[in-house]
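Keep in mind the model is a prediction, meaning the values are calculated, not measured.
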Amino acid sequence: TSPYAQLLASSSLLKIVTEQGVNKALLLDIKNYVLGYLASRGPNCQVFVITQLIQLLARTVKLGWFEDDQHRNIVDDGKKFLGMNSLD
């Protein structure tokens, strides 16, 4: 996949989440998907794609923080993510 296509997709999703709003279940799905994507394909992505994905992740957590307690697990998710990457 082209890094520019990835950038377009993530920036478009960020705009939709921010401006139009989505339900709390979809926010949680997006958060989990982005974490999984960064874990599996992040090391091979361009820096500008990773930056955009992290912005999307941060926005979903921010918007879902008071909606669902699972968004507050971002620190634990981050620890798992960092621990998994250090094993490589």
Carefully, step by step, assess Val34 and Thr60 under the rule side chain to side chain contact (heavy atoms under 4.5 Å, CB included).
CA-CA 10 Å; Val34 171; Thr60 58; over 6 Å; no
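Residues satisfying the side chain to side chain contact (heavy atoms under 4.5 Å, CB included) criterion with Leu14, sequence neighbours excluded, are Thr18, Gln52, Gln55, Leu56, Arg59.
In this structure the side chain of Leu63 never reaches within 4.5 angstrom of the side chain of Val22, judged on heavy atoms.
Here the CD atom belonging to Gln46 is positioned 10.5 Å from the OG1 atom belonging to Thr51, to the nearest 0.5 angstrom. Going from atom CG of Leu57 over to atom CG of Leu35 covers 5.0 Å, rounded to the nearest 0.5 Å.
Cluster membership for Leu27 and Phe66, using ILVMFWY side-chain heavy atoms within less than 4.5 angstrom, is shared.
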Distance-only donor-acceptor pairs under 3.5 Å for side chains of residues 3-10, two or more places apart:
residue	atom	partner	partner atom	Å
Gln6	NE2	Tyr37	OH	2.7
Ser10	OG	Gln6	O	3.0
Ser10	OG	Leu7	O	3.2

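Closest approach of Leu26 to Asn23, counting heavy atoms only: N-OD1, 2.7 Å.
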